[in-house]
Amino acid sequence: MPKRYWLLKTEPDAYSIDDLQRDKTTCWDGVRNYQARNFMRDQMQVGDDVFIYHSNAQPTGIAGLAKVSKAGYADSTALDPKDVHFDPKATKDNPIWMRVDVAFEKKLGRVVTLEEIKAEKKLATMLLVQRGQRLSVQPVEAGHFAMILKMAGQG
DNA sequence: GCCAACGTTGGC
DNA sequence: GCCAACGTTGGC
């Protein structure tokens, strides 16, 4: 499978690029959307490049880079009644939800903001800027990925 | 905090 | 299978 590129949303109040830098790697769990689950289950591969996107942030935008370090596997938080992401329908045999592990790569020299992305015509087809689009795990085209790195001064 | 847009649930 | 109600996301 060719290398793919992804964007993962996170609220930095809950988990930021700085947290990932400190932790080195993290389990990207708690995703409870089937489309996002399917990307993690079927398409994300070790070595794929990932943008870490800060939502509900000041500013909102792409804050750093990571790599997939473990491909999709069962998200056990769905089985834990004490976990906020507990799903009573999940079982050990059918965990329903998946997660991947991601490893910190680098923090961008500056956040490439949602505002800038919206203003750049070449990025108009990014999923991120489609009206009402809320996917928290989404694919990014290679060209868009490179463009954003360039905007961050890391091209 | 507001609220538009979306996904999911559940009654029928 | 329809669709209203509800919960969540996420920009502002």
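First the proteins, then the strands, lettered A, B, ... as listed; each starts at 1. Keep in mind that the numbers below use all heavy atoms, side chains included, and drop hydrogens, waters and symmetry copies.
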Nucleotide nearest A/Tyr34 when distance is taken to its side chain, options C/dG11, C/dG10, B/dT8: B/dT8
On DNA chain B, compare the nucleotides closest to A/Arg32 and A/Asn56; which residue's is nearer the 5' end?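 Residue closer to the 5' terminus by nearest nucleotide: A/Asn56.
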With nearest nucleotides of DNA chain B determined for A/Gln133 and A/Lys89 from heavy-atom distances, which residue corresponds to the more 5′ nucleotide?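 Looking at DNA chain B, the more 5' nearest nucleotide goes with A/Gln133.
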Neighbour count above 12 (heavy atom, 6.0 Å) for [X] [atom1]:
X        : atom1 : result
A/Lys107 : NZ    : no
A/Lys122 : NZ    : no
A/Glu115 : CD    : no

Between [N] ([atom2]) and [X] ([atom1]): distance, integer Å:
X        : N      : atom1 : atom2 : value
A/Leu7   : C/dT9  : CG    : C1'   : 15 Å
A/Glu115 : C/dG11 : CD    : P     : 13 Å
A/Arg131 : C/dC12 : CZ    : P     : 13 Å
A/Leu114 : C/dG10 : CG    : P     : 11 Å
A/Asp87  : C/dT8  : CG    : C1'   : 15 Å
A/Ile117 : C/dC12 : CD1   : C1'   : 16 Å
A/Gln58  : C/dG10 : CD    : P     : 17 Å
A/Ile62  : C/dG11 : CD1   : P     : 12 Å

Would you check if the distance from the ring center of A/Trp6 to the ring center of A/Phe51 is below 6.0 Å? no
So, is the end of the A/Lys70 side chain (NZ or CZ) under 6.0 Å from the ring centre of A/Tyr73 and within 45° of the ring's axis?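 So A/Lys70 does make the cation-pi contact.
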Would you say [N] has OP1 or OP2 under 4.0 Å from some side-chain N or O of [X]?
X        : N      : answer
A/Lys118 : C/dC12 : yes
A/Lys9   : C/dG10 : yes
A/Tyr53  : C/dT9  : no

Is the closest side-chain donor-acceptor distance between A/Thr91 and A/Asp93 under 3.5 Å?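 No pair is found: no donor N or O on one side chain lies under 3.5 Å from an acceptor on the other.
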Using nucleotides 4-7 of chain C, report all nitrogen or oxygen pairs with the protein that are shorter than 3.5 Å.
none

Derivation of the side chain to side chain contact (heavy atoms under 4.5 Å, CB included) call for A/Leu65 and A/Leu149: CA-CA 10 Å; A/Leu65 302 178; A/Leu149 287 182; 3.8 Å; yes
